[in-house]
Amino acid sequence: MACAPAEKCRNAAMFHFFRILMRASFAVAVTDLPEFREPCKPRVVLKALQHLRGFDLTSATLCDDCDQTLPRNDSDVLVALHDICCGCFSGYTALLANLHAHMLSLKADLQTDYHKLLNVTETIWNHRVKLRRGPGYGKARRALHELFGGAQTRLWHTGHIALSIIDGSATAYSPSTVALDIYLHFKRAETEPAYDLLVQSQNLCLPNVFQSKCEQKHLPIFENFPAVAGPGQEGFMLDFLGVSMPIHVDCEHSSLHLFAPGRSMPCEYLKSGKTLPRTWPMLDEEYLEWADSLTVAFRAAKAARPFRMAELGSGAFGIWAMRAAKAFAKFAAPDVPCMLLLVEPFAMGDGSELQTHVAMNLPPGRCEFAVHTDLLETGAQLKTLLGNTETWDLVDIDIEGAEMTLLPDMFSWLSMRVRRLHISTHSREIHWTLLELMQRSWHVAAHYPTQTAIGLRDLGLGEFMTMDGHISAVTRSPLLAGPPGWS
Ligand SMILES: *[C@@H]1O[C@H](CO)[C@@H](O)[C@H](O)[C@H]1NC(C)=O
Ligand SMILES: *[C@@H]1O[C@H](CO)[C@@H](O)[C@H](O)[C@H]1NC(C)=O
């Protein structure tokens, strides 16, 4: 039996099993084709349902090969099952195949027709097998409902989550396995092709592994950071900026699946013994955070002013703070101060990992790192921490949903002290609520909502799949405002 994906195999095997079963129990069936076309006779449907109970409605193979006309003769039970399935359940089969095609298309390159998907999703909700009036009508109705009702609800739900991934404005959907499934698809199916894309493109274009394209140019800020040369140290990954990270940090993390492809794919390449291309970041949900971190550091250095950045939810390494510090140190005179404030109540440990990380990546004493390990629970605490007199180049916030308790009353205050904000958002509702609250005091330069396939389409950079949402904004305060772009 030729069948590639596991699900299809299972269904094909199931179908085969029913074929055998049918030989024994369905030998009385009449195989006259019109008999099995909708509207169907209740008794035929009832008989067929007994045998269809095991089918998995989440795949597109409710019936096999309905396009194919099987050789027929009066007593052939294979033909009987085939005809019932393809006849009475043709509506379901077509809808399933249709929905399935939309999901495949979304997985392949994040594109599918929104209105057609909406149509099939709503049609699935309303679909009923047409029955002839006659003996067994009520029983057949109930049996159909019992078998297909729950599956229809699940499919309808799946369709709506897919719609919300494309659209992004709906707030009703919580973290979903559909989004995760689409996201993981790119980790699995695109890991190898993406390698070729990265190696071949070599920063000449911005690789989009979600659409297997490399057609846009990188944001201009990256041009200031040609990739460093030379091998990384044993056990470390060296990025284009020259920052070394222990391999285990990204590559042995238990929730690896939640990282952007730009983080998880290099781990796969290392595992398979490939040389990592030392390229600028690929287009994924962290690209904007890269651009923000480099831009603020570059501008501070060029203006010869002290650099100050706070990273809330910094993890043990202060990954973004270190990237910015490295970028600053590259362009600033050695005596221009650099101050990084890391807030991390959970993962900081004894601070030794951070110490090593700083020692490996910056000249001794180049930047001052302050660590705050108490939980920030109120805007007032954030005010105390950031202080009244200091100006911050960037406040980068990734605090797993606590942004909603910390930030709503803070935007105006922050806008007087902070040049740029980068906020990760952890639900649609949080995302849209914060955007609304920011409008007055902040200019939102770019954003993408949680679990969407919208990406940086508005900037002309293309679509990609995100798990967290991200917001990049510059203050409207005339004293601090700079150009909103990334150069
Ligand atoms: C039905 O047709 C198939 C294929 O043409 C043939 O192999 C089979 O023997 C036929 N069965 C009967 C009962 O005639
Ligand atoms: C879906 O599209 C078909 C064909 O265009 C139309 O007849 C039908 O009413 C639509 N259904 C829904 C639920 O929009």
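As the structure lists them, so they are numbered: ligands from 1, and atoms in each ligand from 1.
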Practice prompt. Examine the side chains of Tyr92 and Gln152 and answer whether a donor and an acceptor come within less than 3.5 Å of each other.
Written response: yes

Fill in: The single option from Pro277, Ser212, Pro207 passing side-chain contact (heavy atoms from CB on, under 4.5 Å) against Leu197
Pro207

Worksheet item: When only distance counts, is Asn119 in polar contact with ligand 2, meaning an N/O pair under 3.5 Å?
Response: yes

Worksheet item: Distance below 4.0 Å between atom 3 (C) of ligand 2 and any protein heavy atom?
Response: yes

Item to complete: For Asp113 and His102, test the side chains for any donor-to-acceptor distance below 3.5 angstrom and give the result as yes or no.
Response: no

Fill in: Aromatic ring pairing His470/Tyr448, orientation class (parallel under 30°, perpendicular over 60°, tilted between)
tilted

Worksheet entry | Distance-only polar pair, side chains of Glu403 and His426, donor-acceptor under 3.5 Å | yes

Discussion item. Would you say atom 9 (O) of ligand 2 makes contact with the protein, given that contact here means a non-hydrogen protein atom less than 4.0 Å away?
Written reply: no

Discussion item. At less than 4.0 angstrom from any non-hydrogen atom of Glu122, what atoms of ligand 2 do you find?
Written reply: 13 (C)

Fill in: Any protein heavy atom nearer than 4.0 Å to atom 14 (O) of ligand 2
yes

